[in-house]
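As structure tokens, the structure follows; a few thoughts come after it.
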Amino acid sequence: MSGAGGLAWRALHALLRALLCLQRALLAAPRAAAAVVAASCALLAPAALALRPAGPAPRRECGGGRTRRRRLRGAALGRQRWRPDGRALRKLPVHVGLVVTEEEPSYADMASLVVWCMAVGISYVSVYDHNGIFKRNNSRLMDEILKQQQELLGLDCSKYTMEFANQEKADQVLNCQSTLKVLSPEDGKADIIKAAQNFCQLVAQQQRTYTDLDVNELDSLLSSTNGFPDPDLVLKFGPVDSTLGFLPWHIRLTEIISLPSHQNISYEDFFSALHRYAACEQRWGK
């Protein structure tokens with residue numbers, strides 16, 4: 001064997017012996033090996049962090065912020081579908097009554113329902129609860145509707161005008177194409193009694209005769225729905241199987257759909273009710 005070949009052979013032999021010794025040491029002391037690996041990782045970690053590209057720290061958000069962003073994103077998507085949803089229905093009610101039979105009415109949820117009515121193109125909306133809470137606090141309901149109108153409809157509602165029919169602030173107008181009236185039990189049977197008394201007074205003054213009294217004449221004497229057509233659809237919310245005095249004269253041909261509650265109601269529930277109305281066949285007493 002030449003001198004160079006012998007030198008290479010001895011170097012290879014020494015390397016093999018060193019690897020054999022290392023293997024024996026690792027097998028004899030696995031904990032020591034784990035410690036060596038951990039120590040190596042600890043030494044290499046700072047270098048790895050230093051080499052990592054710089055970037056903004058992850059942003060942490062509170063739950064309320066996420067909820068508001070989700071609602072605004074939902075409103076943005078809703079603006080794209082609400083008007084087409086209304087056009088897609090086979091028939092859309094002109095006047096919708098929102099009747100709450102629950103003991104605790106929700107201003108926020110009622111405001112959402114009113115704004116959705118506006119958004120799909122319903123021209124007249126009546127809000128009613130059997131305790132008259134909404135009517136006594138119609139300014140509060142108005143403020144909530146204005147707030148949700150801005151959140152849900154955004155700039156779209158600048159194309160339309162909407163009137164709050166019995167708001168004390170006569171100059172305050174909602175920016176959508178509907179008229180809203182808030183009613184209470186006094187606008188039901190009591191209004192019919194008042195209309196009958198007024199007609200009797202006209203007969204006594206010889207300005208009318210009893211033969212003049214017909215459906216159209218009584219409609220003109222009722223103040224609760226002056227300028228409003230009869231409701232095409234009533235959405236009744238709550239467990240009570242009654243409209244509890246809501247416009248008894250005007251709903252003789254009205255389609256009534258019951259929903260479990262107006263609280264936490266979704267747009268899908270609302271539109272499903274409109275879809276049921278559009279699919280129903282009204283026989284007009286035939």
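Every value quoted in this text rests on a predicted model; they were computed, and no experiment measured them. FYI, the numbering just counts along the sequence from 1. Only this structure's heavy atoms are used, side chains among them; waters, hydrogens and symmetry mates stay out.
Distance CG/Asp129 to CZ/Phe237: 12.5 Å, rounded to 0.5 Å. Tyr107 OH to Arg140 CZ: the interatomic distance, rounded to the nearest 0.5 Å, is 4.5 Å. With rounding to the nearest 0.5 angstrom, the OG atom of Ser184 is 7.0 Å from the OH atom of Tyr128. Between the NE2 atom in His275 and the CG atom in Asp85 there is a gap of 9.5 Å [rounded to 0.5 Å]. For the atom pair CG (Leu146) and CD (Gln150), the distance works out to 6.5 Å, reported to the nearest 0.5 Å. Atom CG of Leu180 is separated from atom CZ of Phe228 by 7.0 Å, given to the nearest 0.5 angstrom.
When atom types are taken as modelled, the side chain of Glu186 and the backbone of Gly132 share no donor-acceptor pair closer than 3.5 angstrom.
Residue Lys91 qualifies as enclosed at atom NZ: its count of foreign heavy atoms under 6.0 Å is above 12. Summarising the local packing, CD of Gln205 is surrounded by more than 12 heavy atoms from other residues, nucleotides or ligands at distances under 6.0 Å. Environment of CD in Gln207: crowded, with over 12 heavy atoms of neighbouring residues, nucleotides or ligands closer than 6.0 Å.
Of all heavy-atom pairs spanning Ala111 and Gln148, the tightest one is CB-NE2, 3.8 Å. The minimum heavy-atom distance between Ile251 and Phe246, with the atom names listed, is CD1-O, 3.5 Å. Taking each heavy atom of Glu102 and Gly238 in turn, the nearest pair found is CG-CA, 3.7 Å. Taking both residues in full, the closest heavy atoms of Pro231 and Leu247 are given as CG-CD1, 4.2 Å, listed atom of the first, atom of the second, then distance. The nearest pair of heavy atoms linking Met118 to Ile145 is CE-CG2, 3.9 Å. Across all non-hydrogen atoms, the minimal contact from Leu233 to Leu274 is CD2-CD2, 3.8 Å.
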Check the pair Leu244 / Val99 against side-chain contact (heavy atoms from CB on, under 4.5 Å), numbers first and verdict last. CA-CA 9 Å; Leu244 297 179; Val99 177; 5.9 Å; no

Go through Asp187 and Lys181 one step at a time and tell me if the salt bridge (charged side-chain N to carboxylate O under 4.0 Å, His left out) criterion holds. CA-CA 11 Å; Asp187 299 305; Lys181 185 168 284 192; over 6 Å; no

Start with the C-alpha distance between Glu144 and Val114, add both sets of side-chain angles, then the distance that settles side-chain contact (heavy atoms from CB on, under 4.5 Å), and finish with yes or no. CA-CA 10 Å; Glu144 187 65 39; Val114 171; over 6 Å; no

Can Ile265 and Trp116 be said to form a side-chain contact (heavy atoms from CB on, under 4.5 Å), step by step? CA-CA 11 Å; Ile265 190 170; Trp116 292 334; 4.0 Å; yes

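Screening residues 263-279 for salt bridge (Lys or Arg N to Asp or Glu O under 4.0 Å), with sequence neighbours left out, gives Arg81-Glu268.
Under the 4.5 Å side-chain heavy-atom criterion for grouping Ile, Leu, Val, Met, Phe, Trp and Tyr, Leu89 is connected to Ile122 within one hydrophobic cluster. By the criterion of side-chain heavy atoms lying less than 4.5 angstrom apart, applied directly or through intervening Ile, Leu, Val, Met, Phe, Trp or Tyr residues, Leu183 is not grouped with Val240; the two fall into different hydrophobic clusters.
In this structure, His262 and Phe134 have perpendicular ring planes: the angle between them is above 60°, well past the 30° mark. Classified by interplanar angle (parallel below 30°, tilted 30° to 60°, perpendicular above 60°), the ring pair Phe271/Tyr267 is parallel.
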